[in-house]
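What follows is a single structure, written as structure tokens, with notes after it.
A, B, ... follow the sequence lines: proteins, then strands. Residue 1 opens every chain.
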Protein chains: 2
Amino acid sequence: MLGGGQLGRMFIQEALNYDVHVHCLDPDSDAPCKHLATSFQHGSLQDYDTVLQFGLDKDVVTVEIEHVNVQALHELEGRGIKVFPQPAVLAIVQDKGLQKEFYQKNGLPTADFRLISGKEELLAKNLPFPYVLKWRKGGYDGKGVQIIKSTTDLENLIDTPFLIEQLVPFTKELAVIVARNETGESVVYPTVECEFSPEINLVEFLFAPAEVSQEVEKEAREIALKVIQSLNMVGILAVEFFLTKENQLLINEIAPRPHNSGHHTIECCYTSQFEQHLRSIVNSPLGSTKLITPGVMINLLGEPGFEGIAKYENLENVIAKEGVSVHLYGKQTTKPFRKMGHVTIYGPDLEVLKSTGRSVAKELKIKA
Amino acid sequence: MLGGGQLGRMFIQEALNYDVHVHCLDPDSDAPCKHLATSFQHGSLQDYDTVLQFGLDKDVVTVEIEHVNVQALHELEGRGIKVFPQPAVLAIVQDKGLQKEFYQKNGLPTADFRLISGKEELLAKNLPFPYVLKWRKGGYDGKGVQIIKSTTDLENLIDTPFLIEQLVPFTKELAVIVARNETGESVVYPTVECEFSPEINLVEFLFAPAEVSQEVEKEAREIALKVIQSLNMVGILAVEFFLTKENQLLINEIAPRPHNSGHHTIECCYTSQFEQHLRSIVNSPLGSTKLITPGVMINLLGEPGFEGIAKYENLENVIAKEGVSVHLYGKQTTKPFRKMGHVTIYGPDLEVLKSTGRSVAKELKIKA
């Protein structure tokens with residue numbers, strides 16, 4: 001596995017049940033998978049030789065992050081090593097411009113866009129405000145995404161190829177997770193609803209199932225399946241949507257790996273996204289995606305203003321509640337908005353879960 | 001943790017969610033926790049110095065097996081290190097004679113018994129057949145337990161202190177798991193029913209919840225709570241019962257650690273026995289023991305007649321079924337009746353689960 005962060009960690013926790021040996025490569029010598037992986041290698045995910053050498057003696061190479069050296073993965077694939085998701089898929093996903101062109105070419109709904117070569121072209125074009133400006137490459141967790149409302153917002157821009165998107169007024173953000181194995185079997189999880197924190201552009205709450213009409217639910221699942229099939233991809237894929245006021249679904253982004261919008265599947269579904277990813281990349285039969293119980297997921301982010309050894313405030317109060325499952329990622333130090341863990345709250349009544357969720361989010365703070 | 005087998009492995013899988021670092025000591029240099037533990041030490045659990053040295057720099061010492069050096073644990077406890085379950089509890093549990101005397105002294109129901117110093121006394125006594133003969137110490141997974149029906153069964157006995165028990169004709173074998181923290185908070189799980197394989201005296205099927213009357217359910221839970229409270233024990237404890245034809249509950253044995261009869265709690269309860277054990281020994285609030293869904297658990301034992309690198313027959317068919325969760329323990333080699341893993345089958349209808357369970361047990365074979 002390229003990457004040894006929290007996604008890799010939760011993947012290993014489940015891979016253990018199948019006695020699958022997971023080896024990790026990560027640029028952080030103290031990454032969350034360090035003690036857990038069968039072997040842990042400290043090294044760059046972007047360096048061609050490091051990635052190539054890491055993959056050469058493995059049966060299957062997979063990722064928990066998109067930002068990896070795709071050329072090395074192409075080379076591994078050429079040498080007969082299974083690489084899932086395939087390097088061709090990663091190449092598309094790494095570049096938001098290619099992603100949008102892929103949607104367009106395959107008749108997949110997405111907001112209107114244009115591609116801009118860099119700062120100079122952008123300033124010359126004088127595009128009408130407002131619009132969304134994204135770096136084509138290298139953005140992550142809210143970095144590299146900006147709403148441009150006036151010329152003031154255009155100051156201090158870095159010079160990189162941009163994707164310009166129409167600003168979509170949406171009522172909800174939804175996500176659907178799909179998986180596909182080498183045989184071509186595909187499965188799709190029930191749609192979830194994400195509530196973003198407006199300040200930091202990170203998911204704050206996730207609600208499963210999404211409260212949407214049956215038509216929207218059906219359409220979201222169909223689009224997600226069409227995405228993974230059009231990509232001819234093997235592995236697990238998260239498809240993030242905007243739902244417009246007119247009940248139209250527009251694809252925002254995709255991620256070809258276990259994803260934050262699927263963390264609730266650990267407790268709430270027969271097969272978690274991590275186990276499903278494993279099943280898909282080793283070409284096993286895929287597991288049931290049925291929701292056993294509704295759930296609410298909260299990201300635990302480092303409290304702004306604190307940096308250092310993490311301390312979890314009110315953790316004991318929180319775990320005393322029924323149906324509250326805490327997942328800490330094993331990161332020793334916190335910093336503002338760092339993803340330190342998540343909490344899943346599950347039980348029969350989504351409204352009760354939402355209210356528990358809001359109180360947990362208020363109570364549980366990560367300081368230093 | 002003293003021991004690094006499958007119980008330790010499942011414990012670590014859950015301890016990871018709390019970022020608790022687990023260090024293991026095990027006599028098998030290739031034990032299931034080897035790659036998973038924060039550190040893994042190869043060494044004897046019975047050796048005073050090894051156990052003492054292992055425990056000296058730890059915050060809490062716990063066990064996944066009873067057969068450990070209790071003297072060293074007493075010494076650690078004396079030096080202010082938290083040892084849960086307490087050495088005094090382990091001393092009782094290690095000796096089936098002391099266990100029975102403990103039940104008697106505390107008014108806890110159990111089959112009639114007598115203690116015999118060794119082979120000579122046993123042969124001299126000429127006890128009426130049939131009876132159950134148990135080694136007071138050192139028995140495990142069916143070893144050291146024998147039904148004596150005639151003088152022929154008394155040949156080839158080893159010379160060790162024995163416990164003689166009245167043979168109890170029972171209708172069911174039940175088990176209840178309880179946990180208690182340092183503050184004294186206690187919780188109890190719903191009663192489960194165990195079906196033993198007659199040949200090998202190991203649990204073959206477990207059904208949760210047990211199909212017993214409300215009175216039996218209530219009484220079993222009360223007795224289990226009384227056991228842990230009488231022991232003044234901190235940690236998790238399994239209490240195994242016989243249910244007689246007259247609906248009387250008799251304690252068979254206890255185990256002060258995560259137990260085979262609680263494996264279904266991973267999928268079927270809000271708090272698994274492994275997480276509950278962790279909560280209890282670090283004096284956190286205990287978690288809900290509620291059953292979310294009925295379940296059936298099957299032990300995966302090495303097929304008789306096969307020894308060597310394990311091969312799992314029909315594993316793919318089995319995991320294709322909805323609500324079937326496989327846990328392999330990471331043991332490379334199989335031998336007859338070796339515990340290689342378990343399968344939990346869960347869903348709304350226990351009768352359906354039982355029938356799926358029986359077909360999974362027939363299908364999934366571990367050969368070499």
Side-chain angles (χ1 to χ4, degrees), chain A residues 9-10 12-23 32-40 185 266-267 270-272 275 279 282-290 292-293 310 312 315-332 340-344 346-348, chain B residues 9-10 12-23 32-40 185 266-267 270-272 275 279 282-290 292-293 310 312 315-332 340-344 346-348:
Chain A
R9 185 172 164 107
M10 291 184 271
I12 295 176
Q13 277 174 284
E14 306 229 356
L16 282 163
N17 290 333
Y18 289 95
D19 195 19
V20 168
H21 295 203
V22 183
H23 304 263
C33 292
K34 186 182 185 179
H35 290 292
L36 193 51
T38 306
S39 78
F40 180 83
E185 189 195 354
I266 297 173
E267 286 86 6
Y270 280 113
T271 315
S272 83
E275 179 179 343
R279 288 181 182 226
V282 302
N283 203 27
S284 274
L286 300 181
S288 165
T289 56
K290 206 183 272 177
I292 305 169
T293 159
Y312 299 85
L315 183 57
E316 300 230 322
N317 293 353
V318 165
I319 65 167
K321 298 176 209 279
E322 178 171 286
V324 172
S325 206
V326 170
H327 298 256
L328 304 183
Y329 298 154
K331 298 175 183 176
Q332 226 200 333
M340 299 297 289
H342 76 266
V343 179
T344 304
Y346 57 112
Chain B
R9 184 173 165 108
M10 291 183 271
I12 294 175
Q13 276 175 285
E14 307 229 355
L16 281 164
N17 291 333
Y18 289 95
D19 196 20
V20 167
H21 295 202
V22 183
H23 304 264
C33 292
K34 187 181 184 177
H35 290 293
L36 193 51
T38 306
S39 78
F40 180 82
E185 189 194 353
I266 298 173
E267 286 85 7
Y270 280 113
T271 315
S272 83
E275 179 179 342
R279 289 180 182 227
V282 301
N283 203 26
S284 273
L286 300 181
S288 164
T289 57
K290 205 183 274 177
I292 304 170
T293 160
Y312 298 85
L315 182 58
E316 300 230 321
N317 293 354
V318 165
I319 66 167
K321 298 177 210 281
E322 178 172 287
V324 172
S325 205
V326 171
H327 298 257
L328 304 183
Y329 298 153
K331 299 176 183 176
Q332 225 199 333
M340 300 296 289
H342 76 264
V343 179
T344 304
Y346 57 112

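Residues Val343(B) and Ser325(B) form no side-chain contact, since every pair of their non-hydrogen atoms from C-beta on lies 4.5 Å or further apart.
Ranked by non-hydrogen atom pairs under 4.5 Å with chain A, the options Asp19(B), Leu286(B), Asn17(B) are led by Asn17(B). For the set Glu275(B), Lys321(B), Glu316(B), Gln332(B), the count of heavy-atom pairs under 4.5 angstrom toward chain A peaks at Glu316(B). Comparing Glu267(B), His21(B), Lys34(B), Arg279(B) by heavy-atom pairs within less than 4.5 Å of chain A, the highest count is held by Arg279(B). Taking Gly323(A), Ala37(A), Gly347(A), Gly341(A) one by one and counting their heavy-atom pairs under 4.5 Å with chain B, the maximum is reached by Gly323(A). Listed options Ala320(B), Ser288(B), Pro285(B), Pro348(B) were ranked by heavy-atom pairs under 4.5 angstrom with chain A; first place goes to Pro285(B). Comparing Thr38(B), Thr293(B), Val20(B) by how many heavy-atom pairs each has under 4.5 Å with chain A, the most go to Thr38(B).
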For the pair His327(A) and Tyr18(B), evaluate side chain to side chain donor-acceptor pair (under 3.5 Å) and give the outcome as yes or no after the intermediate values.
CA-CA 6 Å; His327(A) 298 256; Tyr18(B) 289 95; over 6 Å; no
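Residues satisfying the side chain to side chain donor-acceptor pair (under 3.5 Å) test with Ser39(B), not counting sequence neighbours, are His23(B). With sequence neighbours excluded, no residue forms a ring pair (Phe, Tyr, Trp, His ring centres under 6.0 Å) with Phe40(B).
For Ile12(A), no part lies under 4.5 angstrom from a heavy atom of chain B. For Tyr346(A), the parts lying near chain B are the backbone and the side chain together; criterion is any non-hydrogen pair under 4.5 Å. Heavy atoms of Lys290(A) lying under 4.5 Å from chain B belong exclusively to its side chain.
Other residues, nucleotides and ligands contribute more than 12 heavy atoms inside 6.0 Å of the CD atom of Glu322(B).
Rounded to the nearest 0.5 Å, atoms CD (Gln13(B)) and CD1 (Ile266(B)) are 7.0 Å apart.
Between the side chain of Arg9(B) and the backbone N or O of Pro32(B) there is at least one donor-acceptor pair closer than 3.5 Å.
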